[in-house]
There are 2 protein chains.
Amino acid sequence: MKQSSLCPKFEKGMQMLGKRWTGLILYQLLEGPQRFCALEGALPVSGRLLSERLKDLEKEGLVHREVFTDSAPVRVEYSLTQMGLAMEPVLKGIESWAQEWIVLDPKDPADCDRSND
Amino acid sequence: MKQSSLCPKFEKGMQMLGKRWTGLILYQLLEGPQRFCALEGALPVSGRLLSERLKDLEKEGLVHREVFTDSAPVRVEYSLTQMGLAMEPVLKGIESWAQEWIVLDPKDPADCDRSND
DNA sequence: TAAACTAACTAACGAAAAGTAACTATGTTA
DNA sequence: TAACATAGTTACTTTTCGTTAGTTAGTTTA
């Protein structure tokens, strides 16, 4: 692999966001702490990859994983750390950009607005 | 593939940015129109993928491709369209986020600042 | 005039990552 | 005890990536 003249921090950041699903997972977690199955249900990602991505994100420090042994079948909750939360403006920025610029096939109704949560 | 409850526009946007190199290519193009070989030199991406990504980005409307037949050996310049330029705040946002939060191995000096161009 | 060079790609191929489905461990409800 | 749910993991196939080599077209060099 070649060397680039870019800032290595930026490059690393883009490398993370430039992995499939990472952005969507973080975005979904902006809604608040969520369990594995909730994320799996909300996103079009398979359990295998979701598990993998969450592990990566935890390792990188964007996501916190907490296991609750008290309740019924063990419950695992994922939430954003400070570092993850700091991504909010970026994610919202992508959302606005998409709202403004992306045109979908005319067949889909495809309209949504979550900017007011 | 499952169905998600996310806004399809946002999902599509993330799908684009969530492809390897896309973000870096756009970021590099913020510097101004550039030729194929310049991009290839500036980024750690191979010619094959650069070509593929540029084609995608052109198709999606973020990048404009212009061929100059006047000068020496044919010259091809890539530049951002309005849609591509509109990504600037997002890309700069990722940059700031990375500057603030990403920690690299202590061996790399890894410090840079392009926020003032 | 032909060999070598440059820019901008494209093709082929092995390697890595993603998608899908089935399976596991643990506990719960019928 | 059988069927169900959560939170994964394993095994297998398909897709995407990365590398190297080759192509097209015009340019300089000898």
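In the text below, chain A, chain B and the rest are named by the order of the sequence lines, each starting its count at 1.
Note on B:W21: every side-chain N or O is 4.0 Å or more away from OP1 and OP2 of D:dC17. For A:R75 and D:dA7, the shortest distance from a side-chain N or O to OP1 or OP2 is not below 4.0 Å. Considering only side-chain N and O atoms, A:R20 lies nowhere under 4.0 angstrom from the phosphate OP1 or OP2 of C:dA17. Between A:Y78 and the phosphate of D:dG8, there is a side-chain N or O to OP1/OP2 separation shorter than 4.0 Å.
Regarding A:E66, its CD atom lies at a distance of 13 Å from the P atom of D:dA7, rounded to whole Å. Rounding to whole angstrom units, CZ of residue B:F36 and P of D:dA25 are separated by 18 Å. Taking atom CD on B:Q34 and atom P on C:dA7, their separation rounds to 15 Å, with Å as the unit. Atom pair A:Q15:CD and C:dA16:C1' shows a separation of 14 Å (rounding to whole Å applied). Following rounding to the nearest Å, A:R35 (CZ) and C:dG27 (P) show an atom-to-atom distance of 15 Å. As rounded to whole Å, 16 Å separates atom P of D:dT6 from atom CZ of A:R65. Rounded to whole Å, atom P of D:dG26 lies 18 Å from atom CZ of B:F68. Put simply, CD on A:E77 is 17 Å from C1' on D:dG8, counting in whole angstrom units.
For A:S46, counting side-chain heavy atoms from C-beta on, the closest listed nucleotide (C:dT20, C:dA8, D:dG8) is C:dT20.
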Determine whether B:L62 and B:L29 satisfy the following criterion, side chain to side chain contact (heavy atoms under 4.5 Å, CB included), listing intermediate values before the conclusion. CA-CA 10 Å; B:L62 285 90; B:L29 285 174; over 6 Å; no

Let me see the working for B:L43 and B:W21 under side chain to side chain contact (heavy atoms under 4.5 Å, CB included), right down to the final yes or no. CA-CA 9 Å; B:L43 303 171; B:W21 309 120; 5.6 Å; no

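Taken from CG in B:L26 to CE in A:M14, the straight-line distance is 8.0 Å, to the nearest 0.5 Å. Atom CD of B:Q15 is separated from atom OG1 of B:T22 by 10.5 Å, given to the nearest 0.5 angstrom.
Side-chain N or O atoms of A:R53 include one that pairs as donor or acceptor with a backbone N or O of A:R20 at under 3.5 Å.
Within residues 48-59 of chain B, the residues having any heavy atom closer than 4.0 Å to DNA chain C are, in order of number, B:R48, B:S51, B:K55.
Every residue two or more places apart in sequence or in another chain that forms a side chain to side chain donor-acceptor pair (under 3.5 Å) with A:E77 is listed here: A:R75. Residues satisfying the side chain to side chain donor-acceptor pair (under 3.5 Å) test with A:E58, not counting sequence neighbours, are none.
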